[in-house]
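Each remark here refers to the structure printed beneath this line.
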Amino acid sequence: MSHRLPAPLGDVIDRSSVISFTWNGKKLQGFEGDTIASALLANGEHILGRSMKYHRPRGVLTADFWDPNTTVQVDDEPNVRASHRKLADGMAVSAQNVWPSLKFDVKAANGLVGRFLTAGFYYKTFMKPAKLWPAYEHVLAKFAPGGSVDLDTPHGRYDKRHAHPDVVVAGGGPSGMAAALAAAEAGSSVMLVEHEHQLGGHLLWGSNDDRAAANELAAACAAAGVEILTNSTVAGRYEDNWISISQRSHPGVIERLIKARGKTLVGAAGTIERPYVFQGNDLPGVMTSGAAQRLIRMYGVKPGTRAVVFTANESGDSAVEALQSAGISIARVVDARAGEGITSASGSKSRVKRVTLSDGTTVECDLLVTAVGWTTPTSLLNMAGDRPVYDADAARFFPAGPPDNVLATGGMIGDGSRDELIAHGRATGELAAGRAAVVRHRLQAATARAAAVDGPEPDYPADERTPLDRAQHPELYRSTTHGIVDYSEDVSSKDLFSAAGEGFDSVELIKRFTTATMGPSQGKLETVNTVAVLAEARNETIAEVGTTVWRPPYAPISLGALAGRINEPTRVSVLQPWHEANGATPILAGQWVRPEHYGDPAAEVRNTRTNVGIIDVTPLGKLDLQGPDVPKLLNLLYTNKWMALPIGGVRYGLMCAEDGVVLDDGVTARLGEEHYLMTTTSSGAAKIWNWIEMWLQTEHPDWQVHVTPVTTGLTSINIAGPNSRELLGRLTTDIDLDPTAFPYMNVRRGTIAGVQNCIAWRIGFTGELSYEIHVPSGHAVHVWEQLLDQGADLGVKAFGLEAQRIMRLEKGHFIVGQDTDGLSKAPVTGLNPLLKLDKDDWAGMPEVAWTMESGDHPVIVACQPDNGSVVPEEAAQILRAGTTEIVGRITSSRMSPTLNRSICLAQVTKEFAAPGTSLEVLLVSGERITATVQEHHAHFDPEGARLRG
Amino acid sequence: MLLVPCPNCGPMNAADLSYNGESHRRPDPKTCTPEEWRTYLYLRENPSGWLLENWYCSSGCRRHFKIERHTLTGELRAPVLPGRKPGATQGDMK
Amino acid sequence: MGKNKPPAKYSAAGLLWRGLRKQSWPRVWREPEFKSTYDVVIIGGGVHGLATAYYLASNHGITNIAVVDKQYLGSGGSGRNTAIVRSNYLTPEGVAFYDRSLDLYNSMSNDLNLNVMFSERGHLTLAHTDSALRTMNWRAEVNKLQGINSSVITPAEIKKLTPSLDVSADTRYPILGALYHPPGGTIRHDAVVWGYARGADAYGVDLHQKTEVLDILVEGGSGPEGKGPSGKVTGVRTSKGDIHAPVVVNCTAGWASQLSNMAGVTLPITTHPLQAAVTEPVKTFLPTVVVSGSLHVYVSQTDRGELVFGASVDPVATYNMSGTLEFTEELAGHVLELMPGISKMRLLRQWAGLCDMTPDYSPVMGPTPVDGFYVDVGWGTYGFKAGPVSGEQMAACVANGTTPELIKPFELSRFTEGTLVGEKGAAAVGH
């Protein structure tokens with residue numbers, strides 16, 4: 001660590017704790033508290049990367065999070081900010097954007113042809129020959145900056161947290177700490193969020209007094225109960241002060257996303273020091289005054305041996321002191337306030353060597369420190385709707401005035417001594433607490449907790465803070481030479497001039513054309529310089545040019561943190577463990593995991609048709625409807641009539657949306673005088689519940705109907721097959737299963753396998769004699785096992801979703817959303833007798849009426865390929881013979897184990913719907929086959945003798 | 001995220017509610033013309049400004065309610081349950 | 001009428017020549033004077049408006065045109081979309097239309113003498129359920145009949161094309177297959193805007209930026225102030241003054257309802273934000289465009305190495321473009337479902353644009369009940385890919401006074417006639 005300064009310099013490093021790491025494979029050492037960059041500089045490694053386009057060597061410029069060219073690869077993590085990330089033992093650090101090595105980079109040859117590679121050059125070339133563009137593109141992609149992703153990176157530990165603080169303070173400098181302290185003392189719950197690793201802001205690299213004051217304030221915050229989050233960033237401010245905080249310091253977690261509903265947000269982000277634009281401004285060894293001070297005072301690193309300091313403000317003056325304290329010789333202080341300036345810097349490939357001043361003299365040096373002014377990071381305020389306004393006297397943008405629940409303090413709005421900044425922070429904290437109290441009161445008063453609200457609403461405090469002064473500052477953006485404006489994008493002021501000359505002369509257009517401000521520094525360093533150069537090119541003022549809007553996040557945030565713990569729940573029936581234990585192949589059906597089959601779906605079909613099968617149909621949506629007006633509701637939402645359904649009756653119904661398109665279907669049973677059970681499709685359960693509530697609450701609030709979803713409260717089992725009556729009979733004592741006592745499309749309640757209050761109804765989705773039973777879920781496993789036990793001699797076997805799909809297709813039952821689509825109006829189903837146009841009203845009725853009147857709609861038909869061994873794919877198109885005109889498509893198809901042939905449902909235009917019509921079906925393979933439209937939808941037992949038996 | 005005041009539950013994160021869009025009157029299905037019905041189905045004022053719209057407290061009390069929202073600024077007025085008249089501007093929740 | 005003057009020819013030789021001579025390039029377009037009369041006023045300086053102007057000039061010889069935009073060229077959806085192009089739609093109408101657009105995109109760099117960086121990298125729409133797979137098959141079959149290169153491929157084939165995707169079967173959203181569309185890809189959206197702007201300007205079209213339309217002037221209509229059906233458009237009132245013109249074309253997104261309401265025309269549109277985000281750059285690893293409808297996400301990697309993400313529109317209609325945290329959370333969760341290895345990549349920036357959603361996921365194009373007032377609106381989330389063909393067809397519509405066959409299905413009248421377009425079937429995520 002040849003460039004390490006002696007203590008007491010280096011406040012934040014612990015020289016007793018040595019850390020080993022590698023840099024491009026070379027073993028190096030640093031101290032606990034070092035950033036990667038400070039450790040590298042301490043080892044004399046001052047080139048940390050190469051620039052994106054010209055591959056120029058780059059070093060430390062700002063020595064903080066925004067340092068544009070010090071992003072490195074750390075193990076499997078790309079784009080790590082070396083000037084911010086703390087060094088950790090065993091880190092493998094390597095430079096990015098270099099090939100083949102950092103020291104010798106072939107692409108640096110781009111620099112030689114730079115004059116041809118002006119901003120946006122790629123728009124002007126590579127057009128011809130067109131077929132070569134992919135090859136050019138391939139080469140351009142090789143220049144993609146950034147590190148590498150290791151696709152085997154596991155999803156590490158990320159987490160999220162919700163918080164409800166009164167006040168969130170973004171920025172832990174003197175004003176921010178004072179604001180947090182004052183707010184906490186006023187009774188607010190406060191989160192104080194600091195981007196860097198410790199509280200203090202610019203005091204950390206200030207005088208001894210500054211650092212003492214920082215420690216004192218930080219201790220006071222902690223004592224006052226402020227929640228302090230360091231190495232954390234307020235990343236976004238969204239509507240109603242919904243605030244995202246990226247916390248990189250939570251133990252055991254890579255990064256945590258805190259979502260805080262702050263009642264007041266205090267912006268105390270301070271200022272960001274601007275680089276100066278001049279020829280050679282990106283040479284390693286050129287850095288901001290803040291960078292020099294951070295390196296020396298915080299990390300005890302010597303950034304050079306002989307320095308030129310170009311200063312326009314106190315920060316530059318302070319940097320001179322810091323350099324002197326580090327034993328660095330000051331070759332020259334160039335004072336902008338005295339009219340002095342610098343025009344260019346030059347050096348070897350890897351380091352600044354001399355600086356040319358405005359008066360033409362040159363000064364030898366290996367360090368050039370600039371202090372030319374500040375950028376206000378108004379990002380969070382922009383997100384709150386604030387648009388910054390330029391102040392030429394202070395040479396920076398200031399917030400125009402954020403909304404009432406967002407306050408700004410400190411460097412964001414003015415300048416002052418340490419005490420003035422603290423005083424303003426305290427006043428801001430008190431104001432924030434006062435406003436938060438009002439908001440808290442209103443929120444509580446508007447909720448069920450209203451009774452618990454203390455006292456009357458406090459008065460809303462007005463903003464009576466004494467404003468901070470704005471210090472005069474010379475406008476210093478660019479010298480007389482051209483230099484780099486955007487370090488991450490390699491965009492120079494010359495590029496900006498030429499883009500403006502070409503007509504890309506508004507701040508948004510120039511940004512898009514040159515990509516200035518679009519890189520990983522997010523314009524924090526570059527935006528104002530871009531605006532200033534554009535203003536110069538247009539011969540306008542900076543105020544006239546205006547600035548761009550900073551978008552979230554304030555600082556980049558990992559996808560892992562945004563995702564948090566990956567948690568995508570599925571739903572299962574209580575029988576699922578049984579299914580899995582018994583060889584079921586699972587299938588995802590919407591949110592549900594269900595058994596697709598238990599090995600052989602065709603065998604399951606044959607067994608069900610021959611003996612008896614049972615299937616878990618719990619995902620079927622189930623709504624318990626009670627009240628005197630249920631029939632009116634059913635009459636309104638189903639297309640058919642419901643006023644006369646007797647107790648014990650079950651009826652099928654079809655639902656339409658208001659545009660007449662089929663929405664859902666299912667059966668509804670009348671269990672008692674005012675008690676019904678409705679079933680919906682599995683995927684439609686939630687939607688239909690919402691749909692019913694909407695009609696009840698908005699159109700017919702006078703109707704008395706109570707709706708309770710019971711989808712998982714009841715486990716549903718369908719018992720299907722010739723032996724189903726016998727099987728169920730063995731399990732029930734109080735349900736009379738005699739077909740005359742319990743006919744098809746009827747419902748009974750009773751005891752099954754000793755479980756009371758079961759519901760059983762006879763329906764026929766599979767086409768077999770079948771009983772669907774709905775059992776309280778707590779007893780469902782027992783009932784299921786009893787069915788299997790008691791029915792062993794009857795040949796009972798479980799069957800899965802696939803067997804059910806086959807059987808329903810054999811029976812010709814359509815599935816909403818498969819055989820119908822987003823434009824299928826009710827008449828498409830062919831269920832015209834169920835479309836009761838003589839009712840007063842039902843959802844979708846007018847469109848259905850007009851569609852029936854016009855007759856212009858496709859219809860669902862059953863068809864069978866003439867070659868029964870061919871199963872056309874679902875989605876195979878039906879064409880007018882010999883043409884490519886689409887006249888329909890296959891919507892469902894299977895090989896029928898019952899009929900030993902392929903069977904289909906299809907949607908076809910009316911012209912092709914008549915029974916006996918020959919259809920030409922285009923298979924996915926390109927082959928065309930013929931199929932014949934059947935008389936009935938049911939391929940099997942069209943009279944329904946089996947299910948009615 | 002917007003805080004939307006449910007008349008029952010108080011201010012809720014908008015993501016905990018369902019948005020059912022612009023509120024409009026349903027024509028009499030027995031007597032309406034196709035044009036009237038399709039105006040109801042499809043045509044929308046879609047203003048950049050105050051809009052009376054339908055929300056559903058889908059993760060809370062399951063009440064449908066109407067509320068006036070400014071579609072540019074996100075400001076909200078007092079919510080109303082169906083069948084009642086929209087009231088005056090509610091106190092600012094923000 | 002021909003071109004005023006040919007624009008400076010862009011070429012590698014030109015770059016070299018000007019580089020050597022240190023000569024700068026001329027302006028891409030003029031800063032025109034504001035005139036009070038034009039033959040056609042086009043509202044909206046995005047891809048649609050500029051392409052309409054360009055084709056009116058190049059195909060029909062109509063050059064006395066003003067394109068007005070309240071901000072800068074390409075400031076709306078044209079500059080905010082994720083620049084994906086494809087033609088594998090569900091309906092024959094949709095396929096024919098977008099295929100023409102893809103043709104125009106393919107030859108655009110040459111036609112406009114500006115490299116729009118069309119990257120024909122292939123487009124994958126993933127299916128995570130058997131019903132999604134069925135829809136993919138349906139689209140593939142319709143596409144094939146129209147001569148579109150589009151087919152359903154297996155997880156193993158997907159893995160080969162795009163190794164970063166997790167195609168294992170035990171994920172929450174297993175990848176069961178994908179609709180693969182090799183001609184789909186990405187394009188540099190801003191370049192398309194600038195190419196059309198430069199081309200139109202060269203024909204003499206006046207491009208008025210920072211010129212906001214405050215009212216549309218209509219006479220003789222049946223509504224209030226003589227606006228509305230059976231009226232006749234006479235011009236527009238702008239922030240810079242009135243413009244008289246017998247033809248006004250509304251080529252906006254986000255403000256389409258407002259502007260049409262100014263003419264007394266109500267549209268079947270609700271406006272929702274569509275959000276997008278971009279990561280920091282990393283070395284390229286994702287060679288295709290990947291879309292997952294079930295997970296509401298699409299992603300591609302730019303040549304600069306950034307991942308560009310989009311989703312489906314926000315559920316709540318709003319004109320506020322500030323974006324939401326929830327979008328980034330859901331996006332990240334879903335992207336990591338697809339590509340678990342990229343959790344350490346960082347989101348750099350999020351933004352939003354406004355999308356005008358129609359009930360049938362298809363645009364509204366052509367004449368309106370107000371004579372001379374045309375619309376090219378309702379572009380939902382797919383306006384960018386349709387820009388060139390929309391411009392070409394709208395130009396023909398305006399110049400000839402009849403609606404071309406290609407856009408006939410998209411006329412406004414379909415909503416009163418109840419003849420909606422069938423893209424609704426597969427449009428959960430329309431990218």
Side-chain angles (χ1 to χ4, degrees), chain A residues 76-79 115-116 121-127 130 137 140-141 144-153 155-156 236 238 242 244 259 383 498 501-503 506 508-509 512 520 522 551-553 556-560 562-563 566 568 588 818 821-823 873-877 884 886 889, chain C residues 10-12 14-16 19 24-25 27-29 72 75 79 92 109-110 113-115 119 129 131 134 137-138 141-142 145 164 172 190-191 280-285 303-305 322-325 328-329 332-333 335-336 340-351 418 420 422 424-425:
Chain A
D76 63 359
E77 184 178 356
N79 302 335
R115 69 163 81 155
F116 310 114
F121 75 93
Y122 31 79
Y123 296 121
K124 299 192 176 80
T125 184
F126 304 136
M127 279 90 75
E137 190 196 358
L140 279 183
S148 304
V149 166
D150 177 353
L151 294 176
D152 294 325
T153 305
H155 186 71
Y238 301 89
W242 182 242
S244 65
K259 297 186 274 183
M383 294 174 212
S498 64
E502 284 186 56
S506 73
E508 287 289 350
L509 282 173
R512 288 166 177 277
Q522 296 171 304
R551 303 190 186 286
I557 179 165
S558 71
L559 296 180
L562 288 168
I566 300 283
E568 296 277 350
L588 280 164
Q818 174 169 348
D821 58 59
L823 286 184
E873 296 86 355
E874 289 174 349
Q877 298 296 298
T884 56
I886 298 168
R889 69 177 196 282
Chain C
Y10 290 160
S11 67
L15 277 171
L16 197 61
S24 59
W25 292 90
R27 286 187 66 90
V28 270
W29 51 74
Y72 56 95
S75 53
S109 290
N110 265 322
N113 176 231
L114 187 134
N115 190 349
S119 173
T129 63
S131 64
R134 200 177 302 121
N137 273 313
W138 180 5
E141 290 309 295
V142 173
L145 280 167
S164 52
R172 172 64 180 87
D190 290 331
E280 295 177 353
V282 294
K283 298 285 179 256
T284 53
F285 67 91
D303 290 340
R304 292 154 46 84
S322 58
T324 66
L325 177 63
T328 61
E329 294 181 74
V335 164
L336 293 180
I342 63 168
S343 57
K344 291 185 177 174
M345 287 187 73
R346 291 184 202 86
L347 198 85
L348 181 63
R349 186 166 55 244
Q350 69 176 109
W351 68 92
L420 273 53
K424 196 177 171 182

With a 4.5 angstrom heavy-atom cut-off, is it the side chain or the backbone of [X] that approaches chain C, or both, or neither?
X	result
A:Arg512	both
A:Leu151	both
A:Ser506	side chain

Among [options], which residue forms the greatest number of heavy-atom pairs with chain C at distances under 4.5 Å?
options	result
A:Leu509, A:Asp152, A:Thr884	A:Leu509
A:Gly236, A:Ala876, A:Gly560	A:Gly560
A:Pro520, A:Gly156, A:Ser244, A:Gly147	A:Gly147
A:Pro145, A:Ala875, A:Ser148, A:Gly146	A:Pro145

Within the 4.5 Å heavy-atom criterion, are [X] and [Y] side-chain neighbours or not?
X	Y	result
C:Glu329	A:Lys259	yes
C:Arg134	A:Gln818	yes
C:Trp138	A:Gln877	yes

Could you list the residues that satisfy salt bridge (charged side-chain N to carboxylate O under 4.0 Å, His left out) with C:Lys283, not counting sequence neighbours? none
Can you list the residues that meet the salt bridge (charged side-chain N to carboxylate O under 4.0 Å, His left out) rule with C:Arg346, with sequence neighbours excluded?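 Result, salt bridge (charged side-chain N to carboxylate O under 4.0 Å, His left out) vs C:Arg346: A:Glu77, C:Glu280.
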Report the C-alpha separation of C:Met345 and A:Asn79 in whole Å, then their side-chain angles, then the decisive distance to 0.1 Å, and conclude whether the side chain to side chain contact (heavy atoms under 4.5 Å, CB included) test is met. CA-CA 8 Å; C:Met345 287 187 73; A:Asn79 302 335; over 6 Å; no
Highest number of heavy-atom pairs under 4.5 Å with chain A among C:Leu325, C:Val282, C:Leu145 belongs to C:Leu325
Tell me which of these, C:Thr129, C:Asn113, C:Thr324, has more heavy-atom pairs under 4.5 Å with chain A than the rest. C:Thr324
Where do [X] and [Y] come nearest, in terms of heavy atoms and distance?
X	Y	value
C:Leu348	A:Gln522	O-NE2, 2.7 Å
C:Ile342	A:Leu559	O-CD1, 3.6 Å
A:Val149	C:Gly341	CG1-O, 3.7 Å
C:Ser322	A:Pro552	O-CG, 4.4 Å
A:Thr153	C:Ser343	CG2-OG, 4.2 Å

So, taking the atom named CH2 in C:Trp351 and the one named CZ in A:Arg551, what distance separates them when rounded to the nearest 0.5 Å? 9.0 Å
Atom pair CG (C:Asn137) and CD (A:Glu873), whose distance is rounded to the nearest 0.5 Å: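 The distance works out to 7.0 Å.
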Go through the atoms of C:Ser131 and report whether side chain, backbone, both or neither lie under 4.5 Å from a heavy atom of chain A. neither
